[in-house]
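Heads up, the thing below is written out as structure tokens.
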Amino acid sequence: MCWRNERPALPHGRATAPAAIGFRKARGRVPASGAPVPEISSSCKSCQFCLPLRSPIKMSTQTIESETAREIISYDPATGEEIGRAPLAGGRDVRDALKRARAAQPAWAGLSFRERGQVILRARKIVLAQLEEIGRLISRETGKPVAEAISMEIIPTLDLMHYFAHSTERLLRPQKIDIGNYGLMGRSSQVIYKPLGVVGIISPWNFPWATPLDEVVMSLMAGNAVVLKPSELTPLSALKIGEIFKQALLPTGLLEIVTGDGTTGAALTEAGTDKIMFTGSVETGKRVAESAARHLTPTVLELGGKDPMIVLADANLQSAARAAIWGAFCNAGQACASVERCYVHESIATEFIDLVVKETRALKQDKATESNIDVGAMSNEKQVRIVEEHIADASSRGARVLTGGRRTQNLSGLFYEPTVITEVDHSMDLMRNETFGPVLPIMTFKTDDEAIRLANDSIYGLTASVFTSNMRRGRRLAEQIEAGTVMVNEVVYTHAVAQTPWGGVKQSGYGRTHGRLGLLELVTPQHIHVNRVPLVPDVWWFPYSTGAGLLFRRLARRFTTGSFLQASLLLPQMIRRLLERRQ
Ligand code: NAD
């Protein structure tokens, strides 16, 4: 089927014109493998973009041999230059990848945590050795500054690799369960954690390194194999992950990378993996959940956010202002946990806003290849248009742009000026829907209750923050906010803390990644129950004699109280019951 004719509007708004910035199906050429330029497909003569590839496509972790595979092209959003190409895997490719992963997984699960950890630590060393190259690749695929690629993507993953390589055994240690009075009957219970099998990971473009790699590492440490489907906008970062694990001698098949678009992702949700770890938009998350439900595949959904920041009157204003602009403009505002709504107490609003505007105007924006850049390009045209629509809607309803509010004039790529906007309210798209761009809308409030009500007035609930010099008050407010993570005097960053759980409530999704809670998503708990006195029959087994009926009534009254003393008062009746059964 012709993709171009079927979906004239590109999924992420990157244009099809040859000189334009973005993503499109390629004229089936794979320079890296030196494959010949194929002829036009007889099934789709009208479309110059849909050409079947005639030779095997080389991928970093596998070779896909498919007549139907196409390519995707990765572009630098700051310049429009092509960076490289990757295959667009079809349904058969995905199913084949899953088969290879299934075949490889049991032997991997049979290794000790230490042996698995050694592979992760080898991969970690390789990442460190290639830090500059990886930083530049992430930066070019996304438009973010190299410094940010290192600070927000590579450092957190290095930390996470270290943590899970060393701690997974402890975190998944079998757990003894206190079974109360059943223990008196010679019983014991334990929960052990077994690998799931094959985990399907579907990831977005905004953190093309950290998001998939974190989940790959945790899945592998838990004893699973992985099939990873990265975003069509950033396939090369994911292929680099595959290359690194290959160099780290991860056994073949344990990490299969199927590059492609939404159709590839949909094929993965239908393929029958044992779990789907999805990170992306709410809209796609719902589709993934529907598809997974048909197969009863458990899912974790890490979706969008509209994260609030509350600045109380007693906050350190300088620090809160700097946190607000970093929280709103890092990653060009394209972080799921970006500060997308700022609520400041009316008594300090003027001073706070002045500081924010001053700090914002001092930010340097340019191509990621330049040094000393604070804010880079946005990653795709569709996202820039959403930002423009939100600003236009808010402005038409009376909002005031204090700085920014337009595409960056002297840069030709996908740049939008860091924007501070006030006199906003909750009737505006800007305060209700995910903007996902460098925009900081600021509203005032009068009381703590009003601040909480505003923060909770959202369909989202990923992260939130409260700024105050009173830690107790900060914690009290934090507990009232509906969000998966609430930070006091911090913004955005806890995704980088491998030990802490990450995930949302409401439409920001369900399930967790990172920390022990995240690890538990990647294993099956199995309850092992042992009766150490198998010669003695249970009192609740047949026959249901008159004596049994009497004992059951006493059990109901005494045994279920949880009291050892009360239960032990039943011992004589229990012994009589056992003797009765012997007759
Ligand atoms: P997206 O939903 O468009 O795409 C995400 C991934 O899903 C891509 O790999 C895409 O190819 C794939 N996909 C598309 N259609 C699919 C389908 N029908 N079935 C299966 N897979 C499909 O999201 P995006 O634009 O790449 O990412 C931005 C969104 O991700 C934002 O909403 C952001 O808030 C969210 N996000 C959330 C977190 C988090 O931890 N909660 C982290 C990063 C990004």
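As the structure lists them, so they are numbered: ligands from 1, and atoms in each ligand from 1. Note: hydrogens, waters and symmetry copies are ignored here, and every other heavy atom, side chains too, is used.
With ligand atoms numbered from 1 in the order given, ligand 1 contributes 19 (N), 20 (C), 21 (N) to contacts under 4.0 Å with heavy atoms of Gly265. Contact atoms of ligand 1 toward Ile202: 6 (C), 7 (O), 9 (O), 12 (C), 20 (C), 21 (N) (distance under 4.0 Å to a heavy atom of the residue). Ligand 1 places these atoms under 4.0 Å from at least one heavy atom of Glu302: 37 (C), 38 (C), 39 (C), 40 (O), 41 (N).
Legend: salt bridge (Lys or Arg N to Asp or Glu O under 4.0 Å) pairs involving residues 282-298, not counting sequence neighbours, sorted by first then second residue: Glu270-Arg294, Glu283-Arg287.
Considering backbone and side-chain N/O of Thr279, none are found under 3.5 Å from N/O of ligand 1. At least one N or O atom of Glu232 sits closer than 3.5 Å to an N or O atom of ligand 1. The shortest N or O to N or O distance between Ser203 and ligand 1 is under 3.5 Å. Some N or O of Glu434 is nearer than 3.5 Å to an N or O of ligand 1, by distance alone. Close N/O approach between Thr284 and ligand 1 is found [any backbone or side-chain N/O within under 3.5 Å]. Where the criterion is an N or O separation shorter than 3.5 Å, residue side chain and backbone included, Lys229 meets it with respect to ligand 1.
Heavy atoms of Gly509 stay at 4.0 angstrom or farther from ligand 1. At least one heavy atom of Pro230 sits less than 4.0 Å from an atom of ligand 1.
Asn224 is linked by a side chain to side chain donor-acceptor pair (under 3.5 Å) to nothing, counting only residues two or more places apart in sequence or in another chain.
Within the 3.5 Å criterion, the main-chain N or O of Leu171 finds a donor-acceptor partner in the side chain of Arg516. At least one donor-acceptor pair closer than 3.5 Å links the side chain of Gln383 to the backbone N or O of Thr435.
Contacts between Phe278 and ligand 1, counted as non-hydrogen atom pairs separated by less than 4.0 Å, involve the side chain only. For Gln334, no heavy-atom contact with ligand 1 is shorter than 4.0 Å.
A donor and an acceptor atom, one from each side chain of Asp214 and His514, are located under 3.5 Å apart.
Glu389 contributes atom CD, which lies 8.5 Å from atom CG of Asp429 (distance to the nearest 0.5 angstrom).
Ionic pairing of Glu381 and Arg407 is present here: one or more N-O contacts between side-chain nitrogen and carboxylate oxygen are shorter than 4.0 angstrom. Ion pair Lys144/Glu141 not flagged as a salt bridge, since none of the NZ, NE, NH1 or NH2 atoms sits closer than 4.0 Å to an Asp/Glu carboxylate oxygen.
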